[in-house]
Every structure is written in C-alpha cells, then in structure tokens.
Amino acid sequence: MASFPDFVNENEIARSRTIGELITPTSPFEQKYGRENWTVAFAPDGSYFAWSQGHRIVKLVPWSQCLKTFTTCSTKNSVNLSNTKLSRQDSDGGQKNKPREHTIDCGDIVWSLAFGSSVPEKQSRCVNIEWHRFKFGQDQLLLATGLSNGRIKIWDVYTGRLLLNLMDHTEIVRDLTFAPDGSLILVSASRDKTLRVWDLKDDGNMMKVLRGHQHWVYCCAFSPDSSILCSVGAGKAVFLWDMDKYTMIRKLEGHNNDVVACEFSPDGALLATASYDTRVYIWDPHIGSILLEFGHLFPPPSPIFAGGDNGRWVRSVAFSHDGLHIASLADDKLVRFWRIDSSHPVEVAPLNKGLCCAFSTDGSVLAAGTQDGNVHFWATPKYVSSLQHLCRMAIRRVMTTNQVKKLPLPPKIMEFLSYQMM
C-alpha cells in the first residue's frame, strides 16, 4: 500500500480556478441550522444540476444555462439566486423535455439526492405483474430525494411533478443511488442501519432490505456495471454487496473512524472511501486490499487520535470520469485534487464549511456544497490521459483483478493493469 501524506509546500501546489457559485438567499432572521447542503448531483446526461438549498427546498437548474450564467457573471464569479433567475421555459411551449429550472418543496429537510434515467430494455425484476402505474420511457429522467422523516420522494425532472412517495425507513435517509444500467433500481441508506432496494419500474416496490451495519449508514454507491454495491457507515464500516444475490461479499477493514463517503472508479477497478480518520483509501474492491492512502494530516495521526475529533475529518470524496483524478473535501477548509499516480495533491482550493462534492458528467467541473446551503464550482485539473491508461480502463471495465491475474502477461504489465503501479 502506498501512503501519500499531504505535507508539501503550499506554494508548490496549483490553485484550482473558481468558475462560479450558487448562493442561497436567506433572510436576516433565518435560523442557521437546517440550511446544510448535504448533497449535490449532476444528471447522467449532463442536462441538470441539483442541490439541496437547506430546509425543504431542492433546486433543479439546467446545467448548460448555469455555465452560461457563470460566464456572464464572470467578473464577480457568483450567482445570487435571490436576484438572478436562470431562463425558464414556458410549460406549454411544446418542448416538455427541454431543460428548465424547478424549485421543489420536499416537505421535510433533504439529506440526499440522486438522478436516475431509464433504459426501456431493462425490465422490472418483478415479472409477475403485468400492469404498472408508470411507463418509463427512454427519455425519462427522475430525481430521488431522501428526507429527514425517512421518506423518499421521486420527482419528474422535466415537470417537477411528484411521482412516488416511498415509505419504509424509520430514520433519516442519508444517501441514495441509482443503478447505472438504466434499470431504475434505487438503493437507499439510512440511519436506521439498513439499506433498502427499490424497483421504480415496479411502481416503487421495495425488493430487499440489506442488513449488516451495526450503526448509521452514511453512503452507498454502485459499481459501473451495477453488479456490486458499496455501503459505508459509522463504526469504521465498509461493506461490499452482490446485487444479483443481495448478499454481502466482504467487509473491508482499515479505517479508524466513521466512513462517510464512497465511490467507484469509472472502470470499476478501484473504490475510494473517505473517513473521519483524516484519510482517503483507494481499494481494490475485487480482492479487498488497500492500494493507496491519501492523508489530510501530517504527521499521520495514531489510531486513537484518528478515531476522535481530530479537526481534519474528510467529509466527501469523488472520482473523476478520467479515472485518474480524485477530489476530497475536509474540515481544514480545503478541497484537494489528487492523482492516483502522485504523492501529493495536484491542486487545492479554499472552502469553508464544506460537506459534499461531485464531478460534472464530463469531469470538467467539481461542485461542492456547504453548511450554508451554497454551492461552489471549480475547473478540474486538465490532463490528457495516456494511451496505456485508456487501454487499462477498457480492459478493467470487463475484467476483475482475479481475471486479469490469469492472463499470460509480463509482471510489469500485470502490475499496471492491477493498479499496483500508480
């Protein structure tokens, strides 16, 4: 395992370029708690951006219009939503699937968001029911919102209309994720210590309850082929699940504090987890080994100090779509951009009270939400991937680590394909 500390001269690290901000309007007497932006999300096709403004409100904005607004306001690099409105489309203009802005009142504090898109060829797993209330077409785009009261509400992104109200969790729904294969299988993670699997093509039928966590579940993420689910939570928990059999594959051990975020690389060969122990680990999910460690405190804290309030809790982690860059967000008021073959951050950016982050669909922008309900955007590091890396990603999309190791290849190539040489 490679251990990468962040003890470097700050003057040697490039500063990320801010491209814009979305500022949530507030009143002078508004209470500060309840405004937290716990989640930001980009639509799979890049058409929309969504974030929780705090309290009960979710904002849906067309991403292309958002970028144009940033360009127009580039002199001050911010958009105050109390004064500026993104252009709206008339609801009866005859272009119902053209992106337009929506403000959604979810009825309770919003803790999680996820976009889901449908592929008609992916049928519901409930084969005994011939009639369904909803017929999701290829152009369907949904937004799932997880609430403080344990409910999950499903919205039509194009119209802002409420479609489904899923009720089974007994505590806060902390995270949501759709299967990337277009099946509209939704997994929810909750403080009630469970994960629940929902089939939206079967009108939101709950298919399975995944049990194993002994404490709160903070986050969950599908592998790119939808076959594996990772879930992380309090008590140092990192679990991998087989989503064909709904059984646990293995538990990954290494963190010394609550694990709060996880995400797979685009080829599914790597898994990033972020923890309050000041570290981001990069795992090989197929064999359960730690390949890399990105530290946010130097010198690295002892297990006892890492397991407490160390002042460097890592709040979020995200994998870029190039498979090379990772973004992390910590309590030391910094956003860091890492490369999997570098021993220190390649870029940093200041951010106060950050809670979550996500890369845009094309990987060119990183969005981060804060405790004030605002969103900040940065241009991501520009890098042209090598042909070797592109070939590695193509191979790893269809082959696990164990399958790669069975190939008759020279040791160096084997190490490269297994991400042992980074």
Side-chain angles (χ1 to χ4, degrees), residues 1-7 174-175 189 193 195 210 212-223 228-242 248-265 267-319 323 326-332 336 338-345 357 396 400-402 405 415 418-422:
M1 177 187 72
S3 179
F4 292 162
D6 74 340
F7 181 66
R174 192 60 186 83
D175 196 30
K193 308 175 187 177
L195 298 131
L210 302 180
H213 285 269
Q214 302 300 311
H215 307 280
W216 291 354
V217 189
Y218 281 109
C219 183
C220 56
F222 271 103
S223 62
I228 299 175
L229 181 81
C230 176
S231 63
V232 299
K236 314 173 189 177
V238 182
F239 293 164
L240 296 178
W241 306 85
D242 184 324
M248 188 185 298
I249 301 174
R250 63 174 58 91
K251 180 179 179 180
L252 305 181
E253 297 184 352
H255 282 295
N256 294 306
N257 206 330
D258 294 355
V259 189
V260 294
C262 61
E263 188 164 353
F264 284 90
S265 62
D267 59 4
L270 303 174
L271 171 69
T273 59
S275 170
Y276 288 166
D277 67 5
T278 77
R279 296 175 174 92
V280 168
Y281 281 151
I282 308 300
W283 309 76
D284 184 327
H286 301 290
I287 60 178
S289 63
I290 299 174
L291 300 176
L292 295 170
E293 174 189 335
F294 294 131
H296 294 67
L297 181 63
F298 186 86
S302 65
I304 294 178
F305 186 66
D309 188 1
N310 50 60
R312 294 291 182 96
W313 286 1
V314 185
R315 298 282 182 172
S316 185
V317 67
F319 239 115
I326 295 167
S328 64
L329 189 157
D331 280 352
D332 61 353
R336 292 172 173 82
W338 309 81
R339 264 184 54 176
I340 61 174
D341 57 357
S342 178
S343 60
H344 56 78
C357 64
R396 293 310 308 269
T400 66
T401 303
N402 291 327
K405 289 184 175 181
E415 291 176 0
S418 302
Y419 287 93
Q420 299 291 332
M421 295 175 59
M422 296 192 285

Subject >> Side-chain touch L270/L292, heavy atoms, less than 4.5 angstrom >> reply: no
Original post:
Quick one: CG on D331 to CG on L297, what's the gap to the nearest 0.5 Å?
Top reply: 12.0 Å
**OP:** Give a yes or no on whether W313 atom CH2 has more than 12 heavy-atom contacts from other residues, nucleotides or ligands under 6.0 Å away.
**Re:** yes
**OP:** Could you tell me whether the side chains of T401 and R396 share a donor-acceptor contact shorter than 3.5 Å?
**Re:** yes
Original post:
Would you find a donor on one side and an acceptor on the other, under 3.5 Å apart, between the side chain of D175 and the backbone of C220?
Top reply: yes
**OP:** Give, for atom CH2 of W283 and atom CG of L291, the distance between the pair rounded to the nearest 0.5 Å.
**Re:** 10.0 Å
**OP:** Begin from the C-alpha positions of V314 and V260 and carry the test side chain to side chain contact (heavy atoms under 4.5 Å, CB included) through to its verdict.
**Re:** CA-CA 8 Å; V314 185; V260 294; 5.9 Å; no
Subject >> Under 3.5 Å: donor-acceptor pair, side chain of R312, backbone of T278 >> reply: no
Original post:
Is there a side chain to side chain contact (heavy atoms under 4.5 Å, CB included) between L210 and L229 once you walk through the steps?
Top reply: CA-CA 11 Å; L210 302 180; L229 181 81; 4.1 Å; yes
**OP:** Show your working on side chain to side chain contact (heavy atoms under 4.5 Å, CB included) between L271 and L240 and close with a plain yes or no.
**Re:** CA-CA 10 Å; L271 171 69; L240 296 178; 4.0 Å; yes
Original post:
Do any N or O atoms from the side chain of D277 and from the backbone of N256 form a donor-acceptor pair under 3.5 angstrom?
Top reply: yes
Subject >> Residue pair A330 / H296: nearest heavy atoms and the distance that separates them >> reply: CB-CD2, 4.0 Å
Subject >> Minimum-distance pair of heavy atoms, taken over all atoms of D242 and I249 >> reply: N-CG1, 3.5 Å
Original post:
Heavy-atom distance under 4.5 Å between the side chains of P301 and R279, does that happen here?
Top reply: yes
Original post:
Can you list the steps and then say if V217 with R174 is a side chain to side chain contact (heavy atoms under 4.5 Å, CB included)?
Top reply: CA-CA 7 Å; V217 189; R174 192 60 186 83; over 6 Å; no
Original post:
So how far is it from F319 CZ to I340 CD1, rounded to the nearest 0.5 Å?
Top reply: 6.0 Å
Original post:
Are C262 and V238 side-chain neighbours, meaning at least one heavy-atom pair lies under 4.5 Å?
Top reply: no
**OP:** Examine the side chains of D267 and S265 and answer whether a donor and an acceptor come within less than 3.5 Å of each other.
**Re:** yes
Subject >> Over all atoms of both residues, closest heavy-atom pair of S231 and H213 >> reply: OG-NE2, 2.7 Å
**OP:** Decide yes or no for Y419 and D284: does some side-chain heavy atom of the first lie under 4.5 Å from some side-chain heavy atom of the second?
**Re:** no
Original post:
Would you call I326 and I282 a side-chain contact if the rule is heavy atoms closer than 4.5 Å?
Top reply: yes
Subject >> Backbone N/O of P285 and side chain of R250: donor-acceptor pair under 3.5 Å >> reply: yes
Original post:
So, S316 side chain and C357 main chain: donor-acceptor pair closer than 3.5 Å or not?
Top reply: yes
Original post:
Looking at E263 and A221, what are the two nearest heavy atoms and their distance?
Top reply: CA-CB, 4.2 Å
**OP:** Could you tell me whether the side chain of D258 and the main chain of G233 form a donor-acceptor pair under 3.5 Å?
**Re:** no
Subject >> Straight-line distance of H344 NE2 to R336 CZ, nearest 0.5 Å >> reply: 13.0 Å
Subject >> Closest non-hydrogen atom pair, W338 against G295 >> reply: CH2-O, 3.5 Å
Original post:
Is there a side-chain contact between W241 and L195, using heavy atoms and a 4.5 Å cut-off?
Top reply: yes
Subject >> Taking every non-hydrogen atom, the tightest pair across N257 and G308 >> reply: ND2-O, 3.4 Å
Subject >> Gap separating the CZ atom of F239 from the CG atom of L252, nearest 0.5 angstrom >> reply: 9.5 Å
